[in-house]
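The next block holds one structure in the form of structure tokens; read it before the comments.
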Amino acid sequence: MKKIKVVCGVLVQDEKVLIAQRATGDSIGKFEFPGGKVEIGESNEEALIREFKEELDIDLTSVIFLEKSVDHQAGKEIELYCFLCFADQKPEKCIVHSQLVWTTPEHIYDYDFFESDRGLVQKLMEVWPCMKKPMKSKF
């Protein structure tokens, strides 16, 4: 079985997360976290930073590993590495997606989101209360 390594990012801003609607391919119309395939010689983090630049034209300032999932599609094993992502800017245009939506983890499934990502969304919901609280400095 062929293995494909994929990364996706949960961009967090203003107490919401970004999901994107696919514009092409077998899953046209489905919503997902932006990302893509890891190229040879890239780390997962490098691939995610590249994909966000290509797909959303933004530079990520920080990425933190969230969860890994495995899915099987058409004789392929897809290893999906999901990261929390932060940026100083918001995407202003759709480059490869038909629509960008800001939502909360509780409302992701109000959209036609991939069921195979349910474990990622569950993990996001576990850490979400910490994401919404302002961080206190020790100083």
Side-chain angles (χ1 to χ4, degrees):
M1 182 175 289
K2 183 177 180 178
K3 287 187 181 186
I4 299 173
K5 198 173 180 184
V6 176
V7 291
C8 68
V10 181
L11 182 61
V12 178
Q13 290 183 348
D14 302 324
E15 296 187 10
K16 294 197 174 181
V17 297
L18 182 72
I19 59 174
Q21 188 175 40
R22 286 193 173 190
T24 60
D26 294 339
S27 303
I28 191 169
K30 285 278 199 187
F31 281 86
E32 63 185 353
F33 295 121
K37 294 177 185 167
V38 178
E39 294 180 358
I40 295 170
E42 276 185 320
S43 70
N44 291 344
E45 293 83 356
E46 289 169 335
L48 188 64
I49 290 166
R50 175 186 50 76
E51 288 287 346
F52 265 69
K53 188 65 175 174
E54 290 174 2
E55 293 184 3
L56 302 171
D57 194 28
I58 64 169
D59 295 311
L60 296 177
T61 57
S62 179
V63 298
I64 303 166
F65 178 73
L66 178 66
E67 185 76 307
K68 175 187 172 185
S69 71
V70 177
D71 192 22
H72 295 90
Q73 298 176 7
K76 298 175 190 167
E77 181 177 281
I78 300 170
E79 292 181 349
L80 179 60
Y81 296 83
C82 185
F83 294 82
L84 294 172
C85 302
F86 303 90
D88 292 333
Q89 60 197 121
K90 284 189 174 183
E92 294 184 12
K93 58 186 174 187
C94 293
I95 296 173
V96 298
H97 295 95
S98 59
Q99 183 180 182
L100 301 175
V101 173
W102 290 97
T103 188
T104 59
E106 302 87 16
H107 292 285
I108 282 177
Y109 285 101
D110 292 352
Y111 301 89
D112 191 12
F113 204 82
F114 282 101
E115 284 295 315
S116 60
D117 291 343
R118 192 163 287 279
L120 303 177
V121 174
Q122 183 60 42
K123 184 66 174 183
L124 176 60
M125 291 189 63
E126 289 172 19
V127 302
W128 192 245
C130 298
M131 304 296 299
K132 292 173 40 174
K133 292 180 184 174
M135 297 175 81
K136 293 183 181 178
S137 174
K138 294 180 186 179
F139 307 104

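The figures here come from the full heavy-atom set of this structure, side chains too, leaving out hydrogens, waters and symmetry mates. Nothing here was measured: the structure is a model prediction, and the numbers come from that model. Sequential numbering from 1 along the given sequence is applied to the chain's residues.
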Nearest 0.5 Å, what's the CZ-OG distance between F114 and S69?
-> 11.5 Å
Taking distance alone, no hydrogens or angles, what donor-acceptor pairs closer than 3.5 Å link side-chain atoms of residues 89-96 to residues at least two apart or in another chain?
{"unit_1": "Q89", "atom_1": "OE1", "unit_2": "D59", "atom_2": "N", "d": "3.4"}
{"unit_1": "K90", "atom_1": "NZ", "unit_2": "D14", "atom_2": "OD2", "d": "3.0"}

Give the C-alpha distance, both sets of side-chain angles, the deciding distance and a yes or no for side chain to side chain contact (heavy atoms under 4.5 Å, CB included) between W128 and V12.
-> CA-CA 10 Å; W128 192 245; V12 178; 4.1 Å; yes
Do the side chains of V38 and V63 join up, straight or via other hydrophobic residues, at under 4.5 Å, putting them in one cluster?
-> yes
Between P105 and M125, the two heavy atoms sitting closest are CB-CG, 3.6 Å
Kindly determine whether Y109 and V121 satisfy side chain to side chain contact (heavy atoms under 4.5 Å, CB included), including the steps that lead there.
-> CA-CA 9 Å; Y109 285 101; V121 174; 3.9 Å; yes
Distance from I58 atom CD1 to I49 atom CD1, nearest 0.5 Å?
-> 11.0 Å
Where is the tightest heavy-atom contact between K37 and R50, given as atom of each residue plus distance?
-> O-NH2, 3.0 Å
Does V10 belong to the same Ile/Leu/Val/Met/Phe/Trp/Tyr cluster as I64, with side-chain heavy atoms less than 4.5 Å apart forming each link?
-> yes
Atom pairs and distances, side-chain donor-acceptor, residues 17-26, under 3.5 Å, sequence neighbours left out:
{"unit_1": "Q21", "atom_1": "OE1", "unit_2": "S98", "atom_2": "OG", "d": "3.1"}
{"unit_1": "Q21", "atom_1": "OE1", "unit_2": "Q99", "atom_2": "NE2", "d": "3.0"}
{"unit_1": "Q21", "atom_1": "NE2", "unit_2": "G29", "atom_2": "O", "d": "3.0"}
{"unit_1": "R22", "atom_1": "NE", "unit_2": "E32", "atom_2": "OE1", "d": "2.8"}
{"unit_1": "R22", "atom_1": "NE", "unit_2": "E32", "atom_2": "OE2", "d": "3.4"}
{"unit_1": "R22", "atom_1": "NH2", "unit_2": "E32", "atom_2": "OE1", "d": "3.0"}

Exercise: identify the closest heavy-atom pair between E42 and E39 = OE1-N, 2.8 Å
Heavy-atom distance under 4.5 Å between the side chains of W102 and L11, does that happen here?
-> yes
Pair up each side-chain donor or acceptor in residues 75-87 with any protein partner under 3.5 Å, not counting sequence neighbours, and list the distances.
{"unit_1": "E77", "atom_1": "OE1", "unit_2": "H72", "atom_2": "NE2", "d": "3.3"}
{"unit_1": "E79", "atom_1": "OE1", "unit_2": "Y81", "atom_2": "OH", "d": "3.1"}

Separation between CD (Q73) and OG (S27), nearest 0.5 Å, reads 6.5 Å
Could you tell me the separation between the NZ atom of K5 and the CG atom of N44, rounded to the nearest 0.5 Å?
-> 4.0 Å
Flag the pair F113 / F33 as yes when their ring centroid distance falls below 6.0 Å, and as no otherwise.
-> yes
Is any side-chain heavy atom of V127 closer than 4.5 Å to a side-chain heavy atom of L66?
-> yes
Tell me, with the steps shown, if D117 and C8 meet side chain to side chain contact (heavy atoms under 4.5 Å, CB included).
-> CA-CA 10 Å; D117 291 343; C8 68; 6.0 Å; no
